[in-house]
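First the structure, in the form of structure tokens, and then the observations on it.
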Amino acid sequence: MAGTGKERARHWQYAELPGVDLLRASYIEKIFVRHTHENFVIAAIAEGVEVFHHGGADQYAGPGALALVNPDTPHTGRAGVPEGWRYGAVYPSPELVAEIAAETTSIRGTPGFTSPVLDDVYAAGLVHQVLRAADEGNALAADTLLRVAVTRLLRLNGGPMPQREVRSAGAGLAVRARAVLEERMAEPPTLERLAGDLGASPFALLRAFREAYGMPPHTWLTDARVRRARRLLDAGTAPAEVAVAVGFTDQPHLNRHFTRIVGVPPGAYQRERGSDPRPVLGGTLGGEDGRVDMGTLGGEDGRVDMGARKNMATGV
């Protein structure tokens with residue numbers, strides 16, 4: 001786990017839940033810059049309020065609510081109250097969600113969430129139970145509870161995601177610009193040169209890119225660099241080497257942007273995802289193992305009593 005002061009977070013994976021990232025966190029002053037995820041975000045708020053900008057408006061999620069973000073959807077994150085917010089989250093892959101949707105729902109097309117916030121105490125409790133089961137190494141419970149939670153959320157708040165179609169010259173311009181940035185991530189061109197190489201003016205490219213991807217090219221590039229950094233860290237590459245490989249000037253530059261998007265520093269991220277899922281208690285950021293005890297989310301035993309925990313494994 002990693003954190004400073006009262007802000008603590010643990011970002012990890014459990015081998016028995018392939019394609020799923022896991023997170024427990026408690027933030028007060030933390031501000032997530034605009035970013036996206038390759039996976040779905042299913043974040044259950046235990047205490048406080050999270051505010052995140054999504055779909056052109058601020059969304060508010062308090063205790064018993066879930067913040068739900070579809071893959072590749074730009075959003076931010078910050079505290080909505082002075083005491084911050086505490087939450088647990090699962091990040092299932094699009095492939096896993098599609099598999100669950102095909103088996104348990106009538107959604108046709110690519111499944112996704114229709115609203116970014118859902119007040120459902122029961123589903124929030126399920127998310128916390130998934131994390132607890134993963135902590136305990138209970139593979140059967142973790143997998144069961146995750147599938148039940150995703151099914152419930154899709155039935156309550158799911159539908160087919162709209163297909164993104166390239167219908168205009170501006171959209172085509174944005175697609176080509178993105179391809180160039182992906183190819184030249186470590187040494188990207190200036191906006192003027194990128195636009196000129198694509199036969200457009202800088203502001204025409206800026207407008208087209210923002211319309212297509214919800215953020216300007218430089219913000220998208222930082223987000224893409226962090227995504228690639230995560231893959232390299234997962235493969236065992238040292239953070240200093242990762243920084244250079246994805247185009248950051250040095251490791252502190254990587255650390256700053258990685259933490260602003262992922263919520264933990266790259267070193268702690270890499271250690272947690274390669275270690276036993278059970279947290280080490282009593283550490284501090286900067287200690288030998290880079291972990292911090294964030295306590296247990298919702299109670300001494302890691303459970304969140306929201307008044308609707310009975311029969312969670314069968315409450316679809």
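All heavy atoms count here, side chains included; hydrogens, waters and symmetry mates do not.
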Taking atom types as modelled, find out whether [X] and [Y] have a side-chain donor-acceptor pair closer than 3.5 angstrom.
X	Y	answer
D223	H35	no
R227	T36	yes
S93	N39	no

Next item on the list: Under the side chain to side chain contact (heavy atoms under 4.5 Å, CB included) rule, what do R228 and R231 come out as? Steps first, then yes or no, please.
Entry: CA-CA 5 Å; R228 187 170 295 181; R231 289 193 286 270; 4.0 Å; yes
Determine whether [X] and [Y] make a side-chain contact, defined as any pair of heavy atoms from C-beta on separated by less than 4.5 Å.
X	Y	value
L96	R147	yes
V33	T76	no
W12	L131	yes
F113	L154	yes
R178	Y213	yes
L206	P216	yes
R273	D21	yes
S115	L68	no

Checklist line | Nearest non-hydrogen partners of R176 and L198, listed with the distance | finding: NH1-O, 3.7 Å
Checklist line | Aromatic Y269 / basic R230 pairing, under 6.0 angstrom, 45° off normal | finding: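 No, a cation-pi geometry is absent between R230 and Y269.
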Note to self: So does P94 get a backbone contact from the side chain of E99, meaning a donor-acceptor N/O pair under 3.5 Å?
What the structure shows: no
Item checked: Backbone N/O of T104 and side chain of R155: donor-acceptor pair under 3.5 Å -> yes
Separation between [atom1] of [X] and [atom2] of [Y], rounded to the nearest 0.5 Å:
X	Y	atom1	atom2	result
R207	L173	CZ	CG	10.5 Å
H54	R34	NE2	CZ	10.0 Å
D135	N138	CG	CG	11.5 Å

Next item on the list: Would you check, one step at a time, whether the test side chain to side chain contact (heavy atoms under 4.5 Å, CB included) holds for H11 with V262?
Entry: CA-CA 8 Å; H11 199 299; V262 180; 3.7 Å; yes
Item checked: Candidate list V150, L66, L146, test side chain to side chain contact (heavy atoms under 4.5 Å, CB included), partner V127, passing option -> L66
Check: Can we say K6 and E83 salt-bridge, meaning some charged N sits less than 4.0 Å from an Asp/Glu carboxylate O?
Finding: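 Not counted as a salt bridge, because no side-chain N and carboxylate O are separated by less than 4.0 Å.
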Next item on the list: Answer yes or no: is there an ion pair linking R193 with D197, defined by an N-O contact shorter than 4.0 Å?
Entry: no
On the 0 to 90° scale, with breaks at 30° and 60°, tag the [X]-[Y] ring pair as parallel, tilted or perpendicular.
X	Y	value
F209	W220	perpendicular
F32	Y27	perpendicular
F52	H75	perpendicular

Next item on the list: Please say whether more than 12 non-hydrogen atoms of neighbouring residues, nucleotides or ligands are located less than 6.0 Å from CD in E29.
Entry: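 Not more than 12 within 6.0 Å, no.
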Next item on the list: Flag yes if more than 12 heavy atoms outside E192 fall under 6.0 Å of its CD atom; otherwise flag no.
Entry: no
Next item on the list: Run the numbers on L194 and L181 for side chain to side chain contact (heavy atoms under 4.5 Å, CB included), then give the verdict.
Entry: CA-CA 9 Å; L194 177 60; L181 293 176; 4.1 Å; yes
Next item on the list: Using the side chain to side chain contact (heavy atoms under 4.5 Å, CB included) rule, take R132 and R24 through it: C-alpha gap first, then chi angles, then the decisive distance, then the call.
Entry: CA-CA 10 Å; R132 183 167 181 262; R24 280 196 180 115; 4.2 Å; yes
